[in-house]
Colleague: 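What follows is a single structure, and I will ask about it in a moment.
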Number of protein chains: 2
Amino acid sequence: MIQSLARGLEILDLLEQAEGDIGIMEFARYLDVDKSSASRLLQTLASYGYVEQNPDTRRFRLGPRVVVLSNRVLNRMPLRDHAHPFLRQLTDVTGECSHLAILSQGKALYIDQYQTPSILRVETEIGTLSPLHCTALGKVLLAFVGVPSELTLTPYTPRTIGDAETLRVHLDQVRRQGFAIDDEEHVAGVRCIAAPVYNFGKKVIAAIGISGPAGRVTLDNLPLLKQQVIATAEDLSRRLGSGLF
Amino acid sequence: MIQSLARGLEILDLLEQAEGDIGIMEFARYLDVDKSSASRLLQTLASYGYVEQNPDTRRFRLGPRVVVLSNRVLNRMPLRDHAHPFLRQLTDVTGECSHLAILSQGKALYIDQYQTPSILRVETEIGTLSPLHCTALGKVLLAFVGVPSELTLTPYTPRTIGDAETLRVHLDQVRRQGFAIDDEEHVAGVRCIAAPVYNFGKKVIAAIGISGPAGRVTLDNLPLLKQQVIATAEDLSRRLGSGLF
DNA sequence: CAACAATGTTGCATGATACGCAACTCGATT
DNA sequence: AATCGAGTTGCGTATCATGCAACATTGTTG
């Protein structure tokens, strides 16, 4: 492990977590190094465009360079190419925003989406990391890909599953029924449905699903919406060479 | 400048430029270091999620962490929030995809877009870096923000401006008329129109424009489309507090 | 307005770490 | 089975990252 490089990356991680711009002294405290060391690390990151210094406040924020790298990452995901028409189709038939996520960094990383034309919509942007235990996409990834070693059951709404045993039983059910639901467990007023996406090796590599306001994604029309999500997930899995369906 | 950190960032830059995955030996040659040094740098980047190693081929690619950072950068751009409704409006009235770009890394960095429902469309993804001398957005940024110290006039089509003096005269005209056109200068069959976006300090901070197939964005309907782009740019500038319009 | 405090930058000596070398592992090739 | 190339690991050493001090800049206080 190269300590100086690790410190630079920790700076980027801190900036990703931060609410606003950060000054040298705060970086020095966070990294437990002298302020002169922190200053040199930030200068290096800035010269490559990974951070920017506000000339007025002298504080730092993430730089635009990562936007370019991210575009490259997303453009090199064959799964995204294959999945995009299925996301559009899923949004067309359900009228809700659809999303595609993979397990990454201990969370559900949204890598694509398709927006509904509806004015009232539930949309999660590409690049978002969502918790696994209380989102539909997340629970699918937990059930079918595996549970990361550290899983914190942070409560988000009164409906969030809060203990490990209840979650375990619930994930058994998700595996049996082949889909997951987020019934206002992550965000009040929002309900989601998701199903697993298999690759040619019959392994689950992603989850696909829809999100909508609870007033539209009601418990009454859930069976129909569920069927549409599962059908799309199976179609996409077939497209990826999975012989399971 | 911290050498180890700089090397790590150069690795990320190399991976951004690369066509495919890269092995340790190639990194070592590129950085002019021993293969064991390259290996340790890559291990550090991998442990923070900035690169991934393919377990089968042992070669590396950019990791998903940058997707999260990028999302954060884009979400913290007030300009994007303000501009999005204007992009939608511009697409609605013109029927073409609209884009928003800023000057970054010596190029035009696309930070937002709005897609036309048309099946035939010209769309540039967020995170794309486009050349300045032969795109409409790029020429607006050159004319109104400034010319970077190094500007390479790479030819892309027979219509690309190839010498500095012709470009200089052309940019004078762009400044006078208040908009720029890409008349199949970057991609054959594609025509674009862009105009500058001013902030409250009366400085140009971005360019906004539309792109379409040359068969639809014809020289005949250019005057109307041009007016719609300029009007939207002025509306957005006014929204950002510019007193110029 | 002067004094003070906090933040940030730069020069420099020093020792901790990054580096290169050698040895090893592993998979592909002959 | 032997060889080769790529990648990893152990280790000694030299280079560079680090902290300290001094300085510069900006904001705050009396």
Side-chain angles (χ1 to χ4, degrees), chain A residues 1-65 73 76 200-201 203, chain B residues 1-65 73 76 200-201 203:
Chain A
M1 180 73 82
I2 309 286
Q3 180 180 250
S4 308
L5 174 54
R7 280 181 173 150
L9 302 177
E10 283 179 34
I11 286 173
L12 296 181
D13 288 350
L14 177 61
L15 286 166
E16 186 268 316
Q17 292 291 330
E19 290 306 314
D21 294 2
I22 300 184
I24 294 287
M25 298 301 292
E26 187 173 344
F27 286 116
R29 284 191 289 272
Y30 177 76
L31 295 170
D32 194 25
V33 300
D34 191 80
K35 59 183 179 171
S36 59
S37 302
S39 179
R40 293 191 171 98
L41 289 162
L42 268 302
Q43 280 166 28
T44 305
L45 288 163
S47 69
Y48 281 84
Y50 288 84
V51 303
E52 283 182 327
Q53 187 175 31
N54 183 322
D56 295 331
T57 65
R58 318 280 280 287
R59 293 158 82 79
F60 292 85
R61 67 180 55 167
L62 282 173
R65 185 68 188 143
V73 171
R76 292 217 188 100
F200 66 92
K203 288 178 62 181
Chain B
M1 180 74 82
I2 308 287
Q3 179 180 253
S4 309
L5 174 54
R7 280 183 173 150
L9 302 177
E10 282 178 35
I11 285 174
L12 296 181
D13 289 349
L14 176 63
L15 285 168
E16 188 268 315
Q17 293 291 331
E19 291 305 316
D21 295 359
I22 300 183
I24 293 289
M25 298 302 291
E26 187 173 345
F27 286 115
R29 285 191 289 274
Y30 176 76
L31 295 169
D32 193 25
V33 300
D34 190 80
K35 58 182 179 167
S36 59
S37 301
S39 180
R40 291 189 169 100
L41 289 162
L42 268 301
Q43 281 167 26
T44 305
L45 288 163
S47 70
Y48 281 84
Y50 288 85
V51 303
E52 284 183 326
Q53 187 175 30
N54 183 323
D56 295 332
T57 64
R58 316 282 281 290
R59 296 159 79 80
F60 292 85
R61 66 179 56 166
L62 282 172
R65 186 70 187 141
V73 171
R76 291 213 187 100
F200 65 94
K203 286 178 63 181

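Reminder, nothing fancy here: chain letters follow the sequence lines and each chain counts from 1.
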Colleague: Nearest-nucleotide wise, let me know which of A:Asp56 and A:Val33 is further upstream toward the 5' end of DNA chain D.
Modeller: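 Residue closer to the 5' terminus by nearest nucleotide: A:Val33.
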
Colleague: Does the side chain of B:Tyr50 come within less than 4.5 Å of A:Leu12's, by heavy atoms?
Modeller: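 Result yes, sub-4.5 Å side-chain heavy-atom pair found.
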
Colleague: Using heavy atoms to find the nearest nucleotide of DNA chain C for A:Gln53 and A:Met1 separately, return the residue whose nucleotide is more 5′.
Modeller: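 On the 5' side of the pair lies A:Gln53.
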
Colleague: Are B:Arg7 and B:Tyr30 packed together at the side-chain level, in the sense that at least one heavy-atom pair is separated by less than 4.5 angstrom?
Modeller: no

Colleague: Check whether any side-chain heavy atom of B:Gln53 sits under 4.5 Å from a side-chain heavy atom of B:Leu42, and report yes or no.
Modeller: no

Colleague: In whole angstrom, what separates B:Tyr30's OH from D:dA6's P?
Modeller: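 For the pair B:Tyr30 OH and D:dA6 P, the rounded distance is 20 Å.
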
Colleague: Whole angstrom is fine here: how far is it from CG in A:Asp34 over to P in C:dG11?
Modeller: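 Interatomic distance, CG of A:Asp34 to P of C:dG11: 16 Å.
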
Colleague: Out of C:dG20, D:dG7, D:dT9, which nucleotide sits closest to the side chain of B:Arg58?
Modeller: D:dG7

Colleague: Taking the nucleotide of DNA chain D with the nearest heavy atom to each, does B:Ser39 or A:Arg7 sit closer to the 5' end?
Modeller: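 Its nucleotide being nearer the 5' end, the pick is B:Ser39.
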
Colleague: Quickly work out the A:Leu41 CG to D:dT18 P distance and round it to whole Å.
Modeller: 6 Å

Colleague: Take atom CZ of A:Arg59 and atom P of C:dT7, then tell me their distance rounded to the nearest Å.
Modeller: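 Taking atom P of C:dT7 as the reference, CZ of A:Arg59 is at 9 Å.
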
Colleague: To the nearest Å, give me how far apart CG (B:Leu42) and P (C:dC19) are.
Modeller: 13 Å

Colleague: At 4.0 Å (heavy atoms only), tell me whether A:Ser36 reaches a base, stays on the sugar-phosphate, or touches nothing.
Modeller: base

Colleague: Among D:dA17, D:dT18, C:dT7, which nucleotide sits nearest the side chain of A:Met25?
Modeller: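 The listed nucleotide nearest to A:Met25's side chain is C:dT7.
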
Colleague: Looking at the side chain of B:Arg40, which of C:dA18, C:dG8, C:dG20 is the nearest nucleotide?
Modeller: C:dG20

Colleague: At less than 4.0 Å, is any side-chain N or O atom of A:Gln43 found next to OP1 or OP2 of C:dT10? Yes or no.
Modeller: yes

Colleague: Side-chain contact test, heavy atoms from C-beta onward, threshold under 4.5 Å: evaluate it for A:Asp13 versus B:Arg65 and give yes or no.
Modeller: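 Yes, their side chains come closer than 4.5 Å.
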
Colleague: Kindly point out which of C:dT17, C:dT9, D:dT8 is positioned nearest to the side chain of B:Ile24?
Modeller: D:dT8

Colleague: Measure from CD1 on A:Ile11 to P on D:dA17 and round the result to the nearest Å.
Modeller: 14 Å

Colleague: Quick one: is A:Ser4 getting a side-chain N or O under 4.0 Å of the D:dT18 phosphate, OP1 or OP2?
Modeller: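 Checking D:dT18 against A:Ser4, a side-chain N or O does come within under 4.0 Å of OP1 or OP2.
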
Colleague: Expressed as a whole number of angstroms, how long is the span from B:Leu31:CG to C:dG20:P?
Modeller: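 That distance rounds to 10 Å.
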
Colleague: Toward the 5' end of DNA chain C, which comes first, A:Ile2 or A:Glu26, by nearest nucleotide?
Modeller: A:Glu26

Colleague: Rounding to a whole Å, what distance do you find between B:Lys35:NZ and C:dC24:C1'?
Modeller: 10 Å

Colleague: Please determine, by modelled atom types, if A:Gln43 and A:Ser47 share a side-chain donor-acceptor pair under 3.5 angstrom.
Modeller: no

